[in-house]
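Remarks on the structure that follows.
In the text below, chain A, chain B and the rest are named by the order of the sequence lines, each starting its count at 1. Every heavy atom of this structure was used, including side-chain atoms; hydrogens, water molecules and symmetry mates were not.
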Amino acid sequence: MGRYEPAAAEQKWQAVWTERGAFLCRDDSPRPKYYVLEMFPYPSGRIHMGHVRNYTLGDVVARYKRAKGFNVLHPMGWDAFGLPAENAARDKGVHPRDWTLANIATMRGELQRMGLSIDWSREIATCHPGYYQHQQKLFLDFLKAGLAYRKKARVNWDPIDQTVLANEQVIEGKGWRSGAPVEKRELEQWFFSITRFAEDLLQSLDRLESWPERVRIMQRNWIGRSEGARVQWEIVGQKAPLEVYTTRPDTLFGAAFLAVSADHPVAAGVAARDANARAFIAECHSLGTSLEAIEAAEKKGFDTKLRAKHPLKAGETVPVYIANFVLMEYGTGAIFGCPAHDQRDLDFARKYGLPVRRVVAPAGGAADGEIGAEAETGDGVLINSDFLNGLTVAAAKVEVAQRLERDGIGKREINYRLRDWGVSRQRYWGCPIPVVHCAGCGIVPVPEAELPVRLPDDARFDESGNPLENHPTWKHTTCPRCRKAARRETDTLDTFVDSSWYFARFCAPRANVPVDRKAVDTWLPVDQYIGGIEHAVLHLLYARFFTRGLQATGHVGLDEPFSALFTQGMVGHQTFKDDQGKWIYPADAVVAEDGTARHKDTGRPVTVGRSEKMSKSLKNVVDPGAIIDRFGADTARWFMLSDSPPERDLEWTDAGAAGAFRFIQRLWRLFDESADQLPTPRTPAPKSFGSDATALRAVTHRTVAKISADVERFRFNVAVARLYEFVNALAPDTGAAKGADWLWARREALEALARLIAPMVPHLAEEAWRRLGHATLVVDEPWPEHDEALAREDVVTIGVQVNGKLRGTIEVSVGMAEAAVRALALKEAEAQERIRTALEGKPIRKVIVVQDRIVNIVV
RNA sequence: GCCCGCUUGGCGGAAUGGUAGACGCAAGGGACUUAAAAUCCCUCGGCCUUCGGGCCGUGCUGGUUCAAGUCCAGCAGCGGGCACCA
């Protein structure tokens, strides 16, 4: 047949798989279930190399598990709501739905060309009313359960996208998508009570043993649990005490001042009678929230002239400041400052000339010196602290908390950095929030029978603000309760809500309830979830919360949706800049042997930059479609799996892709040139095997054992290396002058090879399987099993060291007793010159023998 | 600033505390060919070599061990997360 033609073969086998429904997943299979899911894509227009990597990894797992006898659920869908569709509408005059659906059609075709083992009959798109109507029902259930609520809050406002962002969506003070500095605005917003589950979300991380440790650490930090105490301070001349939150109640005797947030009621009280205070508060509010603004901002305070009485020290009072660095949203919005043991408090005290009193003597250090520019935050023993003197910091925390609680002026408290999830978005292309605002009845849920609340088709996208708000008629409705005129909610849900339950919808994608309980009880949790590290906090934390919400409202019976998570690395590529300093596409750069580059058309010099994550802005993108056109999907898939471990970043190189293609051809030649000499399929094994055949079978069975172990552990790059070795071992033999036993063993080897490569390069595997004379499909074949007895090595070469340095090797039979190995090693030590000269007749002090590993002669 | 990870040939990377550099890419040499492509074979960490081999070598400095890329301590560089959270 000659050269392998991927284009023809891939199309042929994809058609065969589709025709046979090879990947349709049945709910009633007697096989054990396995749910493998890759994070579904946003339909931006075309697939990119990151998708190719993600879906190749998932497909290897899916196909491997199928071959291992599992009933595999491997679905695909579209994270289809979101702002780019509205931007396209504004810029190109195309309706967001049309733009989205066209992108989905394109990208579905591209994914199908990759030959993924996906059950396309379960495809969903979150922008489809058949999806979002159920999300609206879930919202109403959450509302009923108190998990969704509305409140006025200072929220993150993205001035470019003209919408609100959740805390998690603000990166370094900028919108996660627009990159614009985020402003603070006071707005009525919908929230999900993610903080209700803060403790559980934190504790349960310990159970997620098959999640990457760093993702768990990032979530732990994000939740930010802190143990401390709430302490009441009486303010001279006022009735209501001021409550502060602290994690260092042990340092209470070192308190030099109190500080409240500019948004604190106490600040408002002062502002009411003091114009200077009003000015200061206004200044605090005008401060930007960007990283630069925060770093540049000085710690500033405004002395309210109020005095607070020390709760444990009769007769002592401290000043009360309004300070620009105190957050209203955390703790009580007020703090006490202990300058000696907190850097920020020390900076503040130095600036305003407040006393610095040490109350912790550092462990092993001098306690008499002055506090310098650095606060002492380490452990130690309490001093200058009345009844706490002599206690360690830890003991003092306990002691002071007990005293505060006894005296009724404070209590232990646990706080979390995590805030409730703001889900309101002032956008069109999202799931409408199904409530109505009625002047008389308040917030009224839309009756379930009236769901879905559909988006209007005729919104305008050429004016600023929320298209739903701007729409002439859509928001006008009647109150479901009193039937009077009322206003529809015009906020839509954050698109992260859409992706917080899609994995549950896949279990029964056409069910007429949001989540079919029987189906999710069968399929959930997802056994293997695969996606990018960039969702470590956002999506993965939301999905964990939402699953708890689904559990609380009876939709599912579990709290953790993903029992194993794999985070793949990014795909990078070299960057190129022309002599104008503009980024250019790699395809437009011609790189010479010496590493310099020129522009393909102009011939002008091009600067070759470091490898970066592929992105449109750097133009260092390679179009997967073009690669598949040129080399085929199998080559793209093979490249994604070879060389780099999947969790690490992978650099796309043309040479690597060409190398992968050469190997695909080489694999095909191996099958093609061997096939005709082999015995027919299913020829019974010969009664006995000669030494050549036995050796070949040993290689085969060892390879099967190793690759199985590597695939199980996601070590695909190592599995690929083993396949190269296997092919190298098989390639030279043409079968001339070999016996029937050897030819039988060679068929065994090639059939194993075809099945081993099937998860990685499935089209070539089918072609090879057919060439080996089978009428069946390799996708229906079981994963090869290895025979331990055949795989076992009986002789092993081990190193002989002298004083830890390798001087020679000896061959021993596996499992040879220590004494025998020692004797052999010492005998060889005389025979092998290298070892003998290293020993130089010195007296042997000790001989260490590690079975099947090494001998070390110590002299 | 705090938390986490990484650092091995020209490059991507292998290596349950036990023969460092598997496998691949790139490079060099050779075979085949009128030629090229494709394919096949050989070499490929550094220094020295009488060609047997010797010495050094996994970011740096120490330590534990018969034995360290691997374990421990300190340092450096690179990358990621958090960012006034009291």
Residue matched to B:C32 through Watson-Crick or wobble contacts both under 3.5 angstrom: none
How would you label the glycosidic angle of B:G9: syn (within 90° of 0) or anti? syn
Where does B:G52 land, syn or anti, once you apply the within-90°-of-0 test for syn? syn
Using atom P of each nucleotide, how far apart are B:A68 and B:G13 to the nearest Å? 26 Å
For atom P, what is the distance between B:G45 and B:A37, given to the nearest Å? 26 Å
Is there a donor-acceptor contact under 3.5 Å linking the side chains of A:Tyr245 and A:Ser226? yes
A:Lys299 has an atom NZ; how far is it from atom P of B:C85, in whole Å? 9 Å
Distance check needed: B:U19 P versus A:Glu811 CD, whole Å only. 16 Å
For a quick check of understanding: with a heavy-atom distance under 4.0 Å over all strands, which category does A:Arg666 fall into, base, sugar-phosphate or nothing? sugar-phosphate
If the sugar-phosphate is the primed atoms plus P, OP1 and OP2 and the base is the rest, what is the B/S/- string for nucleotides 2-17 of chain B, using protein heavy atoms under 4.0 Å? -SS-------BSSSB-
Counting distance alone, no hydrogens or angles: does the base of B:C85 have a donor or acceptor under 3.5 Å from a partner atom on the side chain of A:Arg419? yes
Would you call A:Arg220 and A:Asp206 a salt bridge, taking side-chain N to carboxylate O under 4.0 Å as the test? yes
Quick one: look up who B:G1 pairs with, Watson-Crick or G-U, both distances under 3.5 Å, and put none if it's unpaired. B:C82
Taking a pair to mean Watson-Crick or G-U wobble geometry with both distances below 3.5 Å, B:C47 pairs with B:G54
Just the rounded figure in Å: distance from C1' of B:G80 to CZ of A:Arg216. 18 Å
Watson-Crick or G-U wobble mate for B:A37, both contacts under 3.5 Å: none
Taking only side-chain N and O atoms of A:Tyr330, does any of them lie within less than 4.0 angstrom of OP1 or OP2 on B:A86? yes
Can you check the A:Leu806 CG to B:G69 P distance for me, whole Å? 13 Å
Please tell me if A:Lys805 has a side-chain N or O lying less than 4.0 Å from either OP1 or OP2 of B:G18. no
Suppose you measure atom P in B:C25 against the same atom in B:C78; what distance do you get, rounded to whole Å? 33 Å
Base partner of B:G21, which must satisfy Watson-Crick or wobble distances under 3.5 Å: none
What nucleic acid atoms does A:Glu725 come within less than 4.0 Å of, heavy atoms only: base, sugar-phosphate, or nothing? sugar-phosphate
As a test of understanding, state which of A:Val326, A:Val266, A:Asn324 forms a side chain to side chain contact (heavy atoms under 4.5 Å, CB included) with A:Ser261. A:Val326
Expressed in whole Å, how much space separates the P atoms belonging to B:G12 and B:G29? 25 Å
Are A:Arg722 and A:Asp710 within salt-bridge range, i.e. N to O under 4.0 Å? yes
Do A:Phe257 and A:Tyr352 pass the ring-ring contact (aromatic ring centres under 6.0 Å, His included) test, and can you show the C-alpha distance, the side-chain angles, and the key distance before you say yes or no? CA-CA 10 Å; A:Phe257 63 94; A:Tyr352 293 103; 8.6 Å; no
Determine, for A:Glu283 against A:Lys300, whether the closest basic-nitrogen to carboxylate-oxygen distance falls under 4.0 angstrom. yes
Of the listed nucleotides B:U19, B:G54, B:G24, the one nearest the side chain of A:Tyr724: B:G24
A:Met218 side-chain proximity, nearest of B:A86, B:U19, B:G81: B:G81
5'-most contact on RNA chain B (nearest-nucleotide basis), A:Tyr245 vs A:Ala658, goes to A:Ala658
Using only heavy-atom distances, determine whether the side chains of A:Asn728 and A:Arg666 contain a donor-acceptor pair under 3.5 Å. yes
Work out how far the C1' atom of B:U49 is from that of B:U58, and round it to whole angstrom. 25 Å
With the side chain defined as heavy atoms from C-beta on, A:Asn728 is closest, among B:C23, B:G18, B:G81, to B:C23
Contact class for A:Arg807 (heavy atom, under 4.0 Å): base, sugar-phosphate, or nothing? sugar-phosphate
From B:A22, B:A86, B:C25, nucleotide with atom closest to A:Ala721 side chain: B:A22
From CD of A:Gln219 over to P of B:G81, roughly how many Å is that when rounded to an integer? 15 Å
Expressed as a whole number of angstroms, how long is the span from A:Ile223:CD1 to B:C82:P? 14 Å
pair_partner(B:G59), Watson-Crick or wobble, both distances < 3.5 Å, evaluates to B:C75
Closest heavy-atom contact between A:Thr247 and A:Lys397? O-CE, 3.3 Å
On RNA chain B, compare the nucleotides closest to A:Phe325 and A:Asn856; which residue's is nearer the 5' end? A:Asn856
Looking at A:Phe631 versus A:Phe639, is the centre-to-centre ring distance below 6.0 Å? no
Salt-bridge contact A:Glu833-A:Arg836 (side-chain N to carboxylate O under 4.0 Å): no
Using the P atom as the reference point in each nucleotide, state the distance between B:U33 and B:G28 in Å, no decimals. 23 Å
Pairwise distance CZ(A:Arg834) to OG1(A:Thr809) - rounded to 0.5 angstrom: 8.5 Å
What integer number of Å spans the P atoms of B:A22 and B:C11? 15 Å
Taking B:U65 as the reference, what is the distance to B:C72 when you measure between their C1' atoms (whole Å, please)? 12 Å
Counting only side-chain nitrogens and oxygens, does A:Ser226 get under 4.0 Å of the OP1 or OP2 atom of B:A86? yes
Nearest-Å distance for atom pair CG/P, residues A:Asn803 and B:U65: 15 Å
Would you classify A:Val326 as touching base, sugar-phosphate or nothing, given that sugar-phosphate means primed atoms plus P, OP1 and OP2, and contacts are heavy atoms under 4.0 Å? base
Nearest-angstrom distance from the residue atom CG of A:Leu670 to P of B:C40: 11 Å
